[in-house]
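Before any comments, here is the structure.
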Amino acid sequence: MTKIFIQLKLILVAVLLVSLMTSCYSDRSKRNLEYAPNMYNSLPLEPFSQTEYWETHMGGNYAAVKGSDQKALKEVNFKYGMSMQKPVEGTVPRGDSWYYKNDHKLPWEPYPYPNTAEGYEEAGVELDFPAGFDKDDPTVKKRGEELYTTFCVNCHGPNGQAKGNLMTSGKFVGVPAYEVRMKGLPVGKMYHTLTYGKGVMGSHAWQLTPRERWEVISYILKWKPADE
Amino acid sequence: MSRNSLSNIRYTLVILAALLLSTFSAYAEPSYEEGEQLFKANCTACHKMQGKLVGPQLEGVVQKYAGEEEWLAKWIKNAPGLIAQGDEKAVALYEQYNKQQMQAFTNLSDDQIQSVITYIRDWEPEETGTVVVNGEGATGDPLADPGIYYALLGLVGILVLIALLLVIITATLVTAVRAKEGQEEFTFGDVMTRARGILGNKFFIATATTVIMLAGLAFTVREARTVGLHQGYMPEQPIKFSHALHAGTNQIDCKYCHTGTTKSKSAWIPSVNVCMNCHMQIQEGPQYGKEEIAKIYAAVGWDPDEFAYVNDPQPVEWVRIHNVPDHAYFNHAQHVVVGNLECQTCHGPVETMEVVYQYSDLGMGWCINCHRNEKVKVLGEETEYTVADMGGLNCARCHY
């Protein structure tokens, strides 16, 4: 009998020593063990979450919306089971209507110009800096510079010469220098371009609020050649 | 001054003038090189030589308008003008391309436009001797290959066999020596008896038990502390997006895609249209070729050949990595805008990560440590106060 115990002890020591070297959480492609996951995962939908996310990805014991309600939710309120949905067409975020038409503030009206050649021309004629927005204010320009170095500098470059990192490495082509393209370009057209994109430039409306778009424009105006 | 030298000077002048003239006329002649430069500076925003971009492809366009070069030059110089004048061919083109207008290039001289036309006419596709990178081999992580583990296992097996062989040889030798000296043969039973002598020793048993218990306790405590923490969590994502390439090599600001870090609680996962800001043009990656970028196109419903959105978009199911527990409130904007923290403070060297993993454990101890040590910045200048001095350790600061 003692012989068996001795052998068992030896095995136990070996197992313990080996397990001390490793840890329980060894497969890093899976989530670790969670104690009381319903304290970790939100009952209301978080931004960028899925209605059945916790069930499918986080261990299967918790879901914001259960069972049969899921199907209805996915079809009616949360298409594809996502919490991130497109706002209803024409929605304007509260306090965020920062386009103005002929100095007249229209706080609850969505951007009126369509994404067409005519819309571009119209915006060029009618759209201007909003009333009460001081484009020469240094804090506005500073904010514009920060935004420029985040969102524009990759292509348009630190000096507006279209010598950004993506351009000099040859990965992206076709961005003109500001001093060429901005000759006689009204700010309304710049705003329109930031909103919808133009040519190979995509829309930046997702990243820049209307106010931020005007701030960027107030900054890049320093590279605009003087009108003759 | 003699008459001879005067005529010499006149002669030199004539030659100089001729030279000057010849350089002038050479300049006026349309050149391929000048055209290439102009093309790259002015046309590539909307045109490619092969394949559609915003505008149609340009290979063969000059040949198509053979005999109408004059009209082509006019069109390049001022397309909107031609359309406005009601030029038949111009209006037809305008209608054909969904009223997408080509912009005017009145800043180019007629000679420059001729150069561009020359370039387009004479352009030929480059011989593509590109090395096709194998998608499998390009992943580059040798540890991901299971073969290496089998090889290691085989090696260990061979070593064990050698050890066994040596033991047998030694035992045979010892037995031979003992037999020669007239002693008893050395048997396996002898070894076991001696071992039992040692293992049966009470001191040995007591020591071993203590060691095992302490080790077990240490192990349990260490493992229990990681429950609920996902440090190192590295799931496979639906698209093999490389942060090392985008944030590292290409130096794209984190906030370009994760815009929410300055605006909201959530950092935001970019919607696919943000990918399209660059990938409308960049259709091939250096590592996985067209395969991974095609997944973006599939999700956003983009047809790269048509250069248009054709299908309904489908969501990309990214796998969430970081999750601060619901019972603790965390806000990105607070830390990035007011706290002025770098993304790397919490997320680690993301710009070097081929696959992103959770760098910090995101546990409460980790939060508190930073709140205790981090000096508060006011208007960009560091003060002597820590976050804890401002109530950063109050329970209700995060748990509410």
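Every chain is numbered from 1 and lettered A, B, ... according to where its sequence line falls, protein lines coming before strand lines. Source: prediction; values computed, not measured.
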(Q) Can you tell me how far apart CZ (R143(A)) and OH (Y219(A)) are? Round to the nearest 0.5 Å. (A) 14.0 Å
Q. Among all residues two or more places apart in sequence or in another chain, which pass the ring-ring contact (aromatic ring centres under 6.0 Å, His included) test with Y309(B)?
A. W302(B)
Q) Do Y256(B) and H258(B) have ring centres separated by under 6.0 Å? A) no
**Q.** Max heavy-atom pair count under 4.5 Å with chain A, selected residue of P270(B), A328(B), S264(B)
**A.** P270(B)
(Q) Among C278(B), G260(B), S271(B), C257(B), which residue has the highest count of heavy-atom pairs closer than 4.5 Å to chain A? (A) S271(B)
Q: Give, as side chain, backbone, both or neither, the part of E121(A) having an atom under 4.5 angstrom from any heavy atom of chain B.
A: neither
Q: Can you sort out the partners of Y357(B) under side-chain contact (heavy atoms from CB on, under 4.5 Å), two or more places apart, ordered by chain and number?
A: M234(B), M353(B), Y359(B)
**Q.** Which portion of V324(B) sits near chain A, non-hydrogen atoms under 4.5 angstrom
**A.** backbone
Q: Go through the atoms of V153(A) and report whether side chain, backbone, both or neither lie under 4.5 Å from a heavy atom of chain B.
A: neither
Q) With chain A, which of N250(B), T249(B), I282(B), T262(B) has the greatest number of heavy-atom pairs at distances under 4.5 Å? A) N250(B)
Q | Nearest heavy-atom neighbours spanning N32(A) and G228(B) | A | ND2-N, 4.5 Å
**Q.** Under 4.5 Å from a heavy atom of chain B, the part of S203(A) involved
**A.** backbone
Q) Hey, what do you get for CD (E36(B)) to SG (C43(B)), rounding to the nearest 0.5 Å? A) 11.5 Å
Q) With chain A, which of M276(B), K255(B), Q358(B), M280(B) has the greatest number of heavy-atom pairs at distances under 4.5 Å? A) K255(B)
Q.
Heavy-atom cut-off 4.5 Å, strictly under: side chain, backbone, both or neither for L33(A) against chain B?
A. both
Q. Between S29(A) and Y233(B), what is the shortest heavy-atom contact and its length?
A. O-CE1, 3.5 Å
Q) Which bit of L147(A) is near chain B, if near means a heavy-atom gap under 4.5 Å: side chain, backbone, both or neither? A) neither
Q.
For a quick test of reading the model, state the closest non-hydrogen atom pair linking M201(A) to L194(A) and the distance between them.
A. CE-CD2, 4.0 Å
Q: Select one option (side chain, backbone, both, neither) describing which atoms of V274(B) are under 4.5 Å from chain A's heavy atoms.
A: side chain
